[in-house]
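Encoded as structure tokens, the structure appears first; notes follow it.
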Amino acid sequence: MLAMKIESPTFTEDDYHEVIGGYFERERRHLIERLRAIAEKTVDLAAQLDGNDPSAGDDWNATETLAHVATTAQFFGWVVHEVTRGHDIAARMLDLMRLRDPLIVDMVQQSPRTLAQQVRESIDRTVAFLEDVPYDRFRTTIEFAGRALSAEDFTRVSLVHHLEDHLEQMHGAMEDRTPR
């Protein structure tokens, strides 16, 4: 019969923190990979856009969505940075979020390639920051909208998931305008 090493009797809190820390770091790397993929996909999609015609209905067209993505990437990159520094920006966030749509109206006048470059630059800044920020600071929280949210939460939800959803929206808007 084979003897199996039992680690539980000597397992300490430090051992636990080392194991969990490895998982946290792997998750951070995964979020960074997804952010980089968003930047690449944005550039690819923007290369297929040729104009800034306003949307016809209630839904944004691909260029309007791209302008929103550019604004969102910059805004939530700032949020992540500020939260990791322990700044309580919750009250300012709501005010700034209300200013996004008027800003998008101005941004949509730029070429899709320019907007995609802005997305790439915002994501590159955020990624560079995420690669260096100590993980404990990445887990710093603020109270926002009735929840305790960390910089990691904002990265995962407000940047990665949110922008991935908008890339799908852009892709769908582009398919809708393709002649059949």
Side-chain angles (χ1 to χ4, degrees), residues 12-46 60 64-108 110 114-171:
T12 66
E13 284 185 23
D14 289 340
D15 294 326
Y16 173 78
H17 289 295
E18 184 178 331
V19 169
I20 296 303
Y23 294 147
F24 285 152
E25 287 301 329
R26 184 171 66 196
E27 176 65 11
R28 180 190 351 208
R29 285 190 307 273
H30 183 65
L31 290 171
I32 288 170
E33 289 169 14
R34 288 172 68 189
L35 280 171
R36 286 184 173 136
I38 288 166
E40 292 301 319
K41 289 175 186 173
T42 300
V43 169
D44 291 345
L45 285 172
W60 289 336
E64 292 165 337
T65 304
L66 177 57
H68 175 76
V69 168
T71 304
T72 299
Q74 183 176 6
F75 176 72
F76 281 107
W78 170 78
V79 168
V80 168
H81 185 266
E82 291 299 298
V83 171
T84 63
R85 292 193 167 329
H87 297 162
D88 187 4
I89 59 168
R92 288 176 46 205
M93 280 180 60
L94 287 176
D95 290 338
L96 292 171
M97 289 172 87
R98 291 181 189 111
L99 296 174
R100 285 185 310 173
D101 284 348
L103 181 59
I104 292 167
V105 170
D106 291 337
M107 289 186 72
V108 80
Q110 299 178 41
T114 299
L115 292 169
Q117 185 60 33
Q118 290 173 7
V119 171
R120 177 184 290 283
E121 289 168 2
S122 293
I123 287 176
D124 286 350
R125 277 191 307 274
T126 301
V127 163
F129 179 74
L130 292 177
E131 289 177 328
D132 290 335
V133 69
Y135 198 81
D136 287 344
R137 284 185 34 207
F138 193 42
R139 298 289 304 151
T140 301
T141 62
I142 63 169
E143 288 292 322
F144 180 70
R147 296 179 184 266
L149 296 170
S150 68
E152 181 181 22
D153 295 329
F154 283 111
T155 301
R156 179 180 295 103
V157 176
S158 299
L159 276 173
V160 174
H161 289 295
H162 185 176
L163 296 182
E164 286 173 341
D165 286 349
H166 282 308
L167 288 179
E168 288 179 26
Q169 181 184 0
M170 281 178 61
H171 193 271

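Hydrogens, waters and symmetry mates are skipped; everything else that's a heavy atom, side chains included, is used.
Here Arg120 pairs with Glu40 in a salt bridge; the nearest charged N to carboxylate O distance falls below 4.0 Å. In summary, Asp95 and Arg98 engage in a salt bridge, as defined by a charged side-chain N under 4.0 Å from a carboxylate O.
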Under 3.5 Å, which donor-acceptor pairs do the side chains of residues 157-169 form with other protein atoms, sequence neighbours left out?
from	atom 1	to	atom 2	distance (Å)
His161	ND1	Arg34	NH2	3.4
His162	ND1	Ser158	O	3.4
His162	NE2	His68	NE2	3.2
His162	NE2	His166	NE2	2.9
Glu164	OE1	Arg34	NH2	2.7
Glu164	OE2	Arg34	NE	3.0
Glu164	OE2	Arg34	NH2	3.4
His166	ND1	Gln169	OE1	2.6
His166	NE2	His68	NE2	3.1

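Shortest non-hydrogen contact noted between Thr84 and Arg137 is O-NE, 3.2 Å. The shortest non-hydrogen separation linking Phe75 to Leu96 is CE1-CB, 3.5 Å. Across Ile142 and Ala90, no two heavy atoms sit closer than the pair CD1-N, 4.2 Å. Residue Ala73 comes nearest to Ile123 through the heavy atom pair CB-CG1, 4.3 Å, listed as atom of the first residue, atom of the second, then distance. Between Gly86 and Thr140, the shortest heavy-atom contact is CA-CG2, 4.0 Å.
Screening residues 87-106 for ring-ring contact (aromatic ring centres under 6.0 Å, His included), with sequence neighbours left out, gives no hits.
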Candidate pair Ile89 and Trp78, rule side chain to side chain contact (heavy atoms under 4.5 Å, CB included), full reasoning: CA-CA 10 Å; Ile89 59 168; Trp78 170 78; 3.9 Å; yes
Lys41 vs His171, side chain to side chain contact (heavy atoms under 4.5 Å, CB included): CA-CA, chis, key distance, verdict: CA-CA 10 Å; Lys41 289 175 186 173; His171 193 271; over 6 Å; no
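Put simply, CG on Asp132 and CZ on Phe138 are 12.5 Å apart, with the number rounded to the nearest 0.5 Å. Taking CZ from Arg147 and OG1 from Thr141, the interatomic distance works out to 13.5 Å, rounded to the nearest 0.5 Å. Rounding to the nearest 0.5 Å places CG of Leu115 at 11.0 Å from OG1 of Thr65.
Under the 4.5 Å side-chain criterion, counting only non-hydrogen atoms from C-beta, Met93 is not in contact with Glu82. Using a 4.5 Å heavy-atom threshold, the side chains of Arg125 and His81 count as separate. A 4.5 Å side-chain heavy-atom check between Arg28 and Thr155 finds every atom pair outside the cut-off. At a threshold of 4.5 Å between non-hydrogen side-chain atoms, the residues Leu35 and Leu130 count as touching.
Using cut-offs of 30° and 60° on the angle between ring planes, the pair Phe154 and Phe76 is parallel.
Between the Asp153 side chain and the Ser150 main chain, a donor and an acceptor come within less than 3.5 Å of each other.
Within 6.0 Å of CG on Asp106 lie more than 12 heavy atoms contributed by other residues, nucleotides or ligands. Atom CD of Glu13 has 12 or fewer neighbouring heavy atoms from other residues, nucleotides or ligands inside a 6.0 Å radius.
Cation-pi contact between Arg139 and Phe24: present, with separation from the ring centre below 6.0 Å and deviation from the ring axis of at most 45°.
Evaluation of the side-chain contact (heavy atoms from CB on, under 4.5 Å) rule for Ala46 yields Leu66, Pro112, Ala116 as partners, not counting sequence neighbours.
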